[in-house]
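Labels below follow one simple rule: chain letters A, B, ... track the order of the sequence lines, proteins then strands, and each chain is numbered from 1.
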2 protein chains.
Amino acid sequence: MNPSTVTAEFLESLTKASQKIRTAFNQQVSAHGLTYPRARTLFYLAKKQNITQSELASVLELEQATMVRLLDRMAENGLIKRQADVKDRRTNLIVLTPHGEEQAALVESIAADLRSQIFANIDPFELRCSIALLERISANVTELSDIHVPA
Amino acid sequence: MNPSTVTAEFLESLTKASQKIRTAFNQQVSAHGLTYPRARTLFYLAKKQNITQSELASVLELEQATMVRLLDRMAENGLIKRQADVKDRRTNLIVLTPHGEEQAALVESIAADLRSQIFANIDPFELRCSIALLERISANVTELSDIHVPA
DNA sequence: CGCCAATCGTTAGTATGCTAATTGAACTTC
DNA sequence: GAAGTTCAATTAGCATACTAACGATTGGCG
């Protein structure tokens, strides 16, 4: 088999798996009035609040502008609040509302359920190997991008 | 480490890698007036033309309705043509225009370049292992979805 | 033949997601 | 400390992406 074939096949499998998982997860949370990006945002905020929109965008691999409207909707739905930062009046600090906390807990539980089903017959050791591989790949891509926009 | 932690970490790495690759690829093709989904569509059509919109949507993991507008734009840009199917008047058969063929070749070359850079220091054997893993995971997710919508 | 369910494509409406341009605030540098 | 630069958030405009509802066509089945 051509070496290039392996990498092409890998990308195909990666894209397909990622998309399928995203769709499955989205269907679960949409039954509770949420969406995939909102669920992801809640998930992260449950671990760390009082962060700026930029930080949040960076962690979730989204652009700042995308984050703005996502948070607009989440604020409308009473999931989060933008708090003015006393130290830097340019930034907002994002916090969960009580309702947001509840929904975040729901997301956690849905995610845990889904994970237990998706990985039921999967060897944890293989997962660890693939994690290492995926992280190396991510690092390679980051390097690539940095060449064009060095800083 | 908690078993659930491994799966959560895997999903995080998977999502991040997939997103980063998509972004990098999108930046490359957008320099040539294309977008990620259009490039993917061209890529597949280069391998197999004269297929219906449904088939195309299924292969690319998109909904039919999403495919409609994607093909609308690609037709406007002179990349593809919808040909009436004599045998089934409900369906369109999608074919590449000469310009579409050129762009498809360009996409192939961009993809090959990107792959050679992304996987420069990656062991093909590891890739093969991960492909197998990702395929099992995709199959699991498909099964899950089929439970809720059996047919 | 004629009904009927399933299928293909489309439209409508909403939610992401991007880039580019703008505004206001903070930082740098002299 | 004033000017220019940088940075956070926003807006505008476009391109996906989804679900739901619809029209046209086909195929099955009595």
Side-chain angles (χ1 to χ4, degrees), chain A residues 15 18-20 22-31 33-42 50-58 60-77 79-80 82-94 145 148-149 151, chain B residues 15 18-20 22-31 33-42 51-58 60-77 79-80 82-94 145 148-151:
Chain A
T15 304
S18 181
Q19 200 134 328
K20 273 179 182 288
R22 180 187 170 128
T23 301
F25 191 72
N26 191 55
Q27 281 171 351
Q28 297 279 321
V29 296
S30 74
L34 291 172
T35 66
Y36 177 77
R38 291 182 200 178
R40 260 184 94 204
T41 306
L42 289 175
N50 279 293
I51 58 177
T52 66
Q53 301 186 187
S54 299
E55 279 178 64
L56 207 44
S58 167
L60 300 178
E61 300 275 342
L62 298 173
E63 295 302 314
Q64 278 191 21
T66 302
M67 208 68 233
V68 171
R69 268 194 294 190
L70 187 52
L71 292 174
D72 283 350
R73 303 280 154 72
M74 291 180 72
E76 285 170 18
N77 287 32
L79 294 168
I80 59 107
R82 286 171 161 108
Q83 270 182 345
D85 185 348
V86 193
K87 300 199 199 108
D88 188 341
R89 277 189 297 176
R90 289 174 306 178
T91 65
N92 296 325
L93 300 181
I94 310 300
S145 311
H148 305 293
V149 187
Chain B
T15 304
S18 182
Q19 200 135 331
K20 273 178 182 288
R22 180 187 170 127
T23 300
F25 190 71
N26 191 56
Q27 280 172 352
Q28 297 281 321
V29 296
S30 74
L34 291 172
T35 66
Y36 177 76
R38 289 180 202 180
R40 261 185 92 204
T41 306
L42 288 175
I51 59 178
T52 66
Q53 300 187 187
S54 300
E55 279 177 64
L56 207 44
S58 167
L60 301 179
E61 300 275 342
L62 297 173
E63 294 303 313
Q64 278 192 20
T66 303
M67 209 67 233
V68 170
R69 267 195 287 195
L70 186 52
L71 292 175
D72 283 351
R73 301 279 154 71
M74 291 181 71
E76 285 169 19
N77 286 35
L79 294 168
I80 59 107
R82 287 172 162 107
Q83 270 182 344
D85 185 349
V86 194
K87 301 201 198 106
D88 187 341
R89 276 189 298 175
R90 290 173 305 179
T91 65
N92 295 325
L93 299 181
I94 311 301
S145 311
H148 304 293
V149 187

Starting at atom CG of B:D85, determine the distance to atom C1' of D:dT26, rounded to an integer number of angstrom. 12 Å

Base, sugar-phosphate, or nothing: which does B:N26 touch, judged by heavy atoms less than 4.0 Å apart? nothing

Between C1' on C:dT16 and CZ on A:R38, what's the gap in Å once rounded to a whole number? 9 Å

Heavy atoms only, 4.0 Å cut-off, all strands: where does A:T52 land among base, sugar-phosphate and nothing? sugar-phosphate

At 4.0 Å (heavy atoms only), tell me whether B:Q53 reaches a base, stays on the sugar-phosphate, or touches nothing. sugar-phosphate

For the student: nearest non-hydrogen atoms of B:Q64 and B:S54, plus distance: NE2-OG, 2.9 Å

Do B:T41 and B:M67 make a side-chain contact, defined as non-hydrogen atoms from C-beta onward lying under 4.5 Å apart? yes

Under 4.0 angstrom between B:R89 side-chain N/O and D:dT26 OP1 or OP2: yes

Should B:L62 and A:Q19 count as side-chain neighbours, where that means a heavy-atom distance under 4.5 Å? yes

Which part of the nucleic acid does A:T66 contact within heavy-atom distance under 4.0 Å: base, sugar-phosphate only, or nothing? base

Rounded off to whole Å, could you give me the CD-to-C1' distance for the A:E76 and C:dT14 pair? 12 Å

How about A:R22 and B:T15: do any of their side-chain heavy atoms sit closer than 4.5 Å? no

Output the rounded distance in Å from CG (B:L34) to C1' (D:dT16). 15 Å

Using a heavy-atom cut-off of 4.0 Å across all strands, would you classify B:R82 as base, sugar-phosphate, or nothing? sugar-phosphate

Would you say the side chains of A:T52 and A:T91 form a donor-acceptor pair under 3.5 Å? no

Does a distance-only test, which skips hydrogens and angles, find a donor-acceptor pair under 3.5 Å between the side chain of B:R90 and the base of C:dT7? yes

Once you round it to whole Å, what is the distance between C1' of D:dA17 and CZ of B:R73? 12 Å

Between C1' of C:dA6 and CD of B:Q64, the distance in whole Å: 12 Å

Scan A:R69 against the nucleic acid and name what it touches under 4.0 Å (heavy atoms): base, sugar-phosphate only, or nothing. base

Assuming nearest nucleotide by heavy-atom distance, tell me which of A:R40 and B:T91 is located more 5' along DNA chain C. B:T91

Starting at CG of A:L71 and ending at P of D:dT10, how long is that distance when rounded to a whole Å? 8 Å

Please check the phosphate of C:dT16 (OP1 and OP2 only) for any side-chain N or O of A:T35 closer than 4.0 Å. yes

So, is A:S54 close to the D:dA9 phosphate, meaning a side-chain N or O under 4.0 Å from OP1 or OP2? yes

Nucleotide D:dA9, atom C1' - distance to CG of A:L93 in whole Å: 13 Å

Does D:dA17 have OP1 or OP2 sitting under 4.0 Å from an N or O in the side chain of B:R22? yes

